[in-house]
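First the proteins, then the strands, lettered A, B, ... as listed; each starts at 1.
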Amino acid sequence: MNSIKNSMMIMLILFVAAGCSILDDNSDGGNGNTNNKTVFILCEGEFGAPNASVWSIDLITDDHSGPLFWNADNPLGDTGQSLKIHDDKLYVVVNNSHSVEVLNLGSGSLEYEGSLYVPNASPRYLEIVEDKGYLTCWGLNGILVFDAGSLTILDTIGTGGWPEMILNTRWGLFVTVPMQSYSDYSDKVLLFDPVNMNSPVDSFSVVTGPVSLLPSENYIYVGSTYYDENYNTYNGLSRIDPVNGTVLKNDHGLTFGHQKSLIEFNGSIYRLMNSGLVKVAEDLSVEQGSGPLSLQGGYSAKVLESKLYIGLTDYNSPDTVAVYHNNFELDTLYQVKALPTDFGLYDPEL
Amino acid sequence: MIRVLFTLLLVATPGLSQETVRVVNTEDRPLPFVLFRTENSENWVISDEFGMTELPREFSNNDSIIIERLGYVTIWTSYSELVEHSAIVMIPEPIHLAAIHITRPKNDNKNRGNIVSLPTIESTVTQSYKHYFSRVPGVSIKSYGGPGSVSTLSINGGSSSNAKILIDGFDLTNTQNGEMDLSQLPLPFIQSARIVTGGLGLHGSGSTDGVVYLEPWWNRTGLTVSAGSYGHSSIAGMLLMKESKRTARILAGIRRDGGDFPVEWKDRSFTRKNNDFYQEFVGFQYNHLFSGYSFLKILSLISDQERGVPGTVWAPSTARRNDRLMFTGATVGILRERQLLHLKLLSKSSDEHYQDPWYGIESKHKIKSHTISLSQEIDLDWDLLIKNIFKIQKDELNSSDAGNRSRTAGSNSFSLFYGFTDKLSVSGHNRIEVEQGASPVITWGGTIRYIPEVLALGKLVINMENGYRRPSFNELYWNPGGNPDLLPENNSTISGTITLNTTGWSEISFTGFYTHSKNLIQWLPYVYFWRPVNISSATRSGIKGLYKWELFSRKLTGSLSASHIISKNHQNGPQDGKPLRYVPEFSGYFQVNLHLGRWMLTGDIQHTGRILSNYDWPEDIYLPPVTTGNAGVTYTKDARHGTWKTTLSIENLANVQYQSMLGYPEMGRSLKLTQKWEQK
């Protein structure tokens, strides 16, 4: 019932927004104000076109700006993959432009600082530990290590396949490896010690095609997706216990509409689907319609400052970011460019 | 048969290219398969279905030329007189009253209408099809940058799948993707081109916007070598063998391009790599004129290409592509007094092997097509002509990405032409096509030609027709993205061309058109791939102008052309009302040639307005306007053993950085030196 109410609410707001333009569609293209706590949103754009974009939401004034810094004449790049905020800097990983674009946030507004070009590397996700950037790169079959300040490349660490998500935890750096090659899947999640990255300290076998990671208090949750030759989608979930090295797996088989995002919200684990959130049970099973939200075009999700940010898409610009309170009540809808895929929080006080 | 000397009706307007001649009857109906021959029949050529032909170089100024077609008065003239005029009117035999009316103004601009005839490639000092076709208003070439990139041609802002490319009348469209990649056709293989818009429904699927007729080479024995920027080198040899009424020509050559060139992207300058292109080709032509006005023509080509696939400027690729185009076509024509029978056979195949080692992608595609067509043209009365074409085509695809597919289609076209007077004629056509597992498709069209002879109005051609395009195999089945639910595209076009009478040294024509497309097929991005979708409704309309002049006994020639096209997507949704992708709103071209004895200097400037490349929000992505210039100089010297011609050409003089496809920069300034020897 709750989900029906929520989806009706979204529909109503979208309808009113379309008619009366009350939806926050500020697209001033300004460089954004970073004096306050700010949520940054990365939109992929269309594959094959250089129209990835970054947007911002000022959490104090609720100002919504974008596309930031880059525009059609000075594009950010082709297929924004992920973003990382570290030490007053915003790092944007642009997959099909093979670059990491860096903006300085520390001066009160966005300022372009530089680019790290990694030709043919197909960069995916970035973690920064003690000023060293660890960038997973499909094209390198490994992790590229660079100096996050000077953007100089330091090293490459092999992963035996195409590395995807990377996550720094108290146990070390977890890296998912969903593919061994273009046609062969992998089921590996590797654990590295950032102090000595030469080889993984541990390796976990999870459901085939691990693409996402979610840390919880005692576990690492892993979302998996793989395809057959007809592009039918298969999904699954795994849970790694880093202390004793055990893995709980649940392959959901042929399923539709799963997205890679896993979130922990109000003490529960959820996986995002096109149609909403589904709650993950203790045995890692998911039940359609079990979640608190019904959506259309759910694409990405993240929890920031106790609020839930969900990227919604119809694969065409403009798309929408929906923000929910912790009781799943809709807060605000923001218009952004196509395919909102990642979110990050900048706190100038930290 | 009465042989009449100087029964030519010499239309005084110079031709668009001096070697091109067009033949019509007194009702202004084009006469196909008219024989032009020397007295001893050693050298001859036959006009095409538009009654047009380029005069072969074997004809010389001293030759007497005989122009014959059964049922018409034979014309004797000299070559030197022939090249001075663009059009010849043949009079039916026996002469009947309606045909005697031959008084026309000497400066009449007849017979052009919706046909634009281009000069020979060689005379334009061009290095690429892109440059060659840029002189035609409304024609654009999309390329992925670099010497070996796929290049496709589109007309009036339509997709390249709606512009049919024929070589000597043979359709070489690749049914896997519905397009013809011009890079597979070596430049020396092509002599010249003419572009026809309107009245083309007879050609079936994919000819809505126009048909490009490419004339195969007809050089004498000779050798051409060239070298130039970005590691370009080429060599092509031509051999001409003649015996009585038989002519054989062989062409073989190699082209090599290093292709790497500097580019700028965002704040970086770097070298665009993996642009190399290597091409080997062999072509063959055999023409045999039988007694009794029958002929056999055979045309064949094998072209092998090895090329790098450089990817987008922001995502360079190390992929490679090898492809081979092979075709053999044969035409048998039998001419009777009031009837022309015409059998065409075509066998073609295309192989492609794509490898991307970085991503471990390897794909192979092989497509074979066989076509047979039988055409019968009957003069019921000298003013009334009917024509019927029956055609069967079978295509078989074996593709690692689109699967194994086959398609057999049969069609029958019926058309008629009626000349009310020598100033007013009408023609109409109807075509039905049936295909396994698909509903029959019926198309129709009609054309009115009128010569008002009022003030400066020369000729008015109004054309109305509908056409269609079947989805290609890739559009239906490509994995991922193929859309088996795609509907055929339906297009309705109305166009009008007016040619203005001028003073005899220039020619002006204007064309207006309006095209409405239902279920327009367009590729759009979807998730992580692109897929074709039907756009329920889209329109294109535009106006094109062409002004050509020749002064001082053709010592100074030139042209000015421009087109303005407005396209609109009428699909409900965010793109409603926006232009269609890759339709240049404005394009212009200015060219001048100066002939000074043995020297020929040429220069041109072309401008393309902004082009919408991708739909986006809050602003769409446009390619900016671009203006480029080209120049060339040729020195010709006659020696005892042949003619030597040296050409220096420069393309993109100002070294402008631009793209014709988003993400695929074109090369900067390039120089090419060509040395040609041709036997006398």
Just how far is it from atom [atom1] of [X] to atom [atom2] of [Y], taken to the nearest 0.5 Å?
| X | Y | atom1 | atom2 | answer |
| --- | --- | --- | --- | --- |
| A/N51 | B/I621 | CG | CD1 | 4.5 Å |
| A/N316 | B/W617 | CG | CH2 | 13.0 Å |
| A/E46 | B/L524 | CD | CG | 8.5 Å |

| request: Name all residues meeting the side-chain hydrogen bond (donor to acceptor under 3.5 Å, both in side chains) criterion together with A/D187; count only those two or more places apart in sequence or in a different chain, and write none if there are none. | output: A/S205
| remark: chain A shares the most heavy-atom pairs under 4.5 Å, among B/D616, B/T318, B/I361, B/T312, with B/D616
Is it the case that over 12 heavy atoms from other parts of the model lie below 6.0 angstrom from the [atom1] atom of [X]?
| X | atom1 | answer |
| --- | --- | --- |
| B/Y664 | OH | yes |
| B/K266 | NZ | yes |
| B/K518 | NZ | no |
| B/K568 | NZ | no |

| task | Report the residue from A/P67, A/S317, A/P318 that forms a side chain to side chain contact (heavy atoms under 4.5 Å, CB included) with B/P618. | result | A/P67
| Basic-acidic side-chain contact under 4.0 Å: B/E619, A/K337 | no
| Best-contacting candidate, A/S99, A/P75, A/S115, against chain B by heavy atom pairs under 4.5 angstrom | A/P75
